[in-house]
There are 2 protein chains.
Amino acid sequence: MSVTIKDVAKKAGVSPSTVSRVLSNNTRISRETSQRVRDVMEELGYHPNIMAKSLVSRTTESICVILPKPAEELFLNMFFMELIRGIVTQANRSGYDVLISSGGSEQEEIEAVSRLLKGKRVDGAILLYSRKDDQVVEFLKNNQFPFVLVGRSEKFPDILSVDNDNVQAAYDAAKHLISLGHQRIGFVSGPPNHIVSRDRMKGYVTALEEAGLEKRKEWIVEGEFLQESGYRAMSFFMNLPERPTPLVVVDDLVSLGVLRGLYELGYKVPEDLCIVSFNNLSIAELSTPPVSSMDIGIYNLGYTASQALIQSIQHEGERQFQKRHIIPHRLVIRESSLYSPPKKP
Amino acid sequence: MSVTIKDVAKKAGVSPSTVSRVLSNNTRISRETSQRVRDVMEELGYHPNIMAKSLVSRTTESICVILPKPAEELFLNMFFMELIRGIVTQANRSGYDVLISSGGSEQEEIEAVSRLLKGKRVDGAILLYSRKDDQVVEFLKNNQFPFVLVGRSEKFPDILSVDNDNVQAAYDAAKHLISLGHQRIGFVSGPPNHIVSRDRMKGYVTALEEAGLEKRKEWIVEGEFLQESGYRAMSFFMNLPERPTPLVVVDDLVSLGVLRGLYELGYKVPEDLCIVSFNNLSIAELSTPPVSSMDIGIYNLGYTASQALIQSIQHEGERQFQKRHIIPHRLVIRESSLYSPPKKP
DNA sequence: CTGAAAGCGCTTACAG
DNA sequence: CTGAAAGCGCTTACAG
């Protein structure tokens with residue numbers, strides 16, 4: 001049997017209420033009593049039963065994070081781990097625990113979320129990157145559960161969310177290449193049902209338009225967030241009569257696929273093709289050659305998401321806090337983009 | 001206000017006890033009553049309060065996993081993510097939730113574990129890879145909390161744990177190189193206070209001895225699980241008058257460091273130096289050239305750890321189940337080791 | 001097969 | 001500053 005509040009009360013010669021007040025740092029307890037009770041707690045090795053506390057206080061001091069379907073997007077491992085590190089670190093600092101959950105399908109995700117939130121096991125949820133028309137968002141919104149989205153929702157723009165300015169980030173990436181004198185710039189995108197793919201595509205297009213550069217359908221390839229997509233895109237581009245000289249690539253892993261393909265065909269980076277990609281995962285720095293990449297502050301995304309969620313849980317009702325948080329991005333230039341094409345006569 | 005067991009009872013015209021029995025699939029409830037109650041639950045959108053249930057049943061149906069100190073070993077990201085995926089998948093299948101916690105120091109880890117276990121928020125804990133003389137292991141053991149170690153403890157060999165046979169794995173890796181005709185085989189190890197480093201070192205040494213090959217102190221370098229360690233080891237080896245022709249490397253990330261250094265110095269892999277490393281992370285396959293690596297079944301380690309822990313929670317007292325689980329390893333041969341050295345005359 | 005009652009370990013008005 | 005009492009939402013012997 002573990003020691004309860006009653007045991008402490010008895011041994012300290014006070015009532016359970018008093019022990020409870022000491023626990024919650026209630027000010028109206030005399031210094032001596034408080035100290036005596038604390039001593040007894042120490043002596044008995046007392047730890048408050050979190051479940052009992054949560055039952056009466058109607059708050060669990062924990063949040064859950066929902067992983068996307070496990071098999072798919074496995075490759076984003078490094079991305080998610082970094083995000084989770086940020087989330088867990090900040091949550092623990094605020095005294096919250098973090099529960100990880102993953103569903104095999106969107107329906108299973110909803111069931112899990114519903115069990116956790118309706119069953120009062122957690123106070124809120126963090127959703128990692130949303131698809132278009134995400135059912136889970138819809139469910140959480142309809143039930144008025146506190147939650148934060150890492151990414152953004154087109155259907156519900158007023159939702160609590162943490163995101164990068166992906167349009168601007170892609171714009172900046174393209175701009176970097178333009179400033180090096182490139183004229184024909186290609187883009188390797190991700191799945192079109194991911195909002196992030198489309199945001200980045202938009203930034204790329206805007207940069208080209210603003211610089212008065214030619215846009216061509218054949219210079220844009222859509223794929224998955226997978227190495228193979230990069231490989232395929234590369235082989236498509238290199239067979240064009242007029243091929244792009246640099247590529248903006250939606251994710252570092254995809255860049256690795258491009259790199260691999262180029263290596264096999266005997267092309268050189270950056271001389272034959274420049275590359276700038278996104279996320280600045282460790283693989284971008286570790287690859288040969290190192291890849292220029294847009295750092296989007298993944299840890300920061302997680303940290304901020306957790307902070308925003310916990311804030312909204314603790315101040316429910318007061319609606320005056322910020323709804324949309326934008327994490328800054330920063331281009332890390334490496335060997336893969338350090339080349340200016342020869343000037344046309 | 002959310003709907004409780006009482007609301008359901010009233011609406012269904014039964015007692016709360018009966019509703020509770022329906023919930024737990026108690027057999028002694030008539031089919032009609034059961035169905036009626038279920039209908040009402042559905043209609044009212046009832047979800048049992050997990051905290052209340054846990055308070056009386058003295059079981060939480062959740063486990064926690066303790067991440068090692070966050071900053072250090074950040075690079076092992078991919079390793080941990082894969083492990084966590086395995087853990088979460090299996091736990092969810094068994095109806096358990098998973099709570100993630102991380103401490104800044106060993107002392108903080110103990111406090112976190114103690115709060116969670118003594119506070120009855122979780123039923124057991126998973127420890128990810130142990131150091132020598134791990135205090136957390138000691139704490140859990142002394143308090144008789146259910147836990148499982150991913151790795152092994154030298155001090156407490158009888159503890160519930162999931163591990164690879166790292167000695168055998170390293171032996172097999174070295175054997176692969178020996179079978180290609182290599183005579184001078186080097187080893188790049190990890191931190192000596194990690195049991196896994198020493199296990200792998202031992203396997204390497206044994207393979208050399210068995211094959212009657214020369215062992216030299218200068219062919220063994222210890223470092224961190226970091227790319228830089230590989231870089232440094234490489235530059236050390238390449239400056240030896242008699243340098244090794246292949247290297248067994250303790251981790252894929254370290255291999256990348258070796259590869260990077262060789263590339264910069266103009267050496268070729270596998271012609272100038274062969275490499276076999278461990279863990280078979282995605283970076284091993286993605287690097288240039290792809291690196292031969294010992295797959296240790298990371299997902300499987302996590303899955304099995306969760307399974308063993310939950311089993312031991314559910315069958316506490318009965319001590320007849322298996323204490324030590326060994327996950328099989330498998331060498332994945334890639335370009336980095338596909339070269340036999342020229343035969344001596 | 002079902003219900004009334006006690007209790008899990010806390011917190012929190014209410015009273016003094 | 002402190003205590004007695006009620007209650008959070010469940011489960012589980014006990015009784016019928």
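Below, chains carry the letters A, B, ... as their sequence lines are ordered, and counting in each starts from 1.
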Test salt bridge (Lys or Arg N to Asp or Glu O under 4.0 Å) applied to B:Arg85 and B:Glu82, step by step: CA-CA 5 Å; B:Arg85 268 192 55 233; B:Glu82 195 58 14; 3.1 Å; yes
Criterion salt bridge (Lys or Arg N to Asp or Glu O under 4.0 Å) on B:Lys53 and B:Glu61, from CA distance to verdict: CA-CA 10 Å; B:Lys53 174 179 166 152; B:Glu61 313 217 317; 5.0 Å; no
Heavy-atom side-chain contact between B:Leu23 and B:Pro48 under 4.5 Å: yes
Pairwise side-chain contact, B:Leu128 with B:Ile126, heavy-atom cut-off 4.5 Å (strictly under): yes
Rounded distance in Å - [atom1] ([X]) to [atom2] ([N]):
| X | N | atom1 | atom2 | result |
| --- | --- | --- | --- | --- |
| B:Met41 | D:dC10 | CE | C1' | 13 Å |
| A:Arg58 | D:dC10 | CZ | C1' | 13 Å |
| B:Lys53 | D:dC10 | NZ | C1' | 10 Å |
| A:Leu55 | C:dG9 | CG | C1' | 9 Å |
| B:Ile50 | C:dG9 | CD1 | P | 20 Å |
| B:Arg121 | C:dC10 | CZ | P | 14 Å |
| A:Met51 | C:dT11 | CE | P | 15 Å |
| A:Lys118 | D:dG9 | NZ | P | 16 Å |

Sugar-phosphate, base or nothing in reach of A:Thr33, heavy atoms under 4.0 Å: sugar-phosphate
Using a cutoff of under 3.5 Å, can you pull out all pairs of nitrogen or oxygen atoms linking the protein to nucleotides 12-15 of chain C, with atom names and distances?
{"unit_1": "C:dA13", "atom_1": "N6", "unit_2": "A:Arg21", "atom_2": "NH2", "d": "2.7"}

With A:Ile50 via side chain to side chain contact (heavy atoms under 4.5 Å, CB included) - residues at least two apart: B:Arg115, B:Arg121
Pair A:Glu138-A:Asn142, side-chain donor/acceptor within less than 3.5 Å: no
Donor on one side chain, acceptor on other, A:Ser17 and A:Ser20, under 3.5 Å: no
Presence of B:Ser15 side-chain N/O under 4.0 Å of C:dG3 phosphate oxygens OP1/OP2: yes
Residue-phosphate contact under 4.0 Å: B:Ser30 side-chain N/O, C:dT2 OP1/OP2: yes
Stem segments of DNA chain C by first residue number [Watson-Crick or G-U, under 3.5 Å, at least 3]: C:1-3 with D:14-16, C:5-12 with D:5-12, C:14-16 with D:1-3
Residues B:Asp158, B:Lys323: salt bridge by 4.0 Å N-O rule: no
Within 6.0 Å of NZ in B:Lys118, more than 12 heavy atoms from elsewhere: yes
Candidate nucleotides D:dT11, D:dC8, D:dT2, ranked by approach to the side chain of B:Ile5 - the nearest: D:dT11
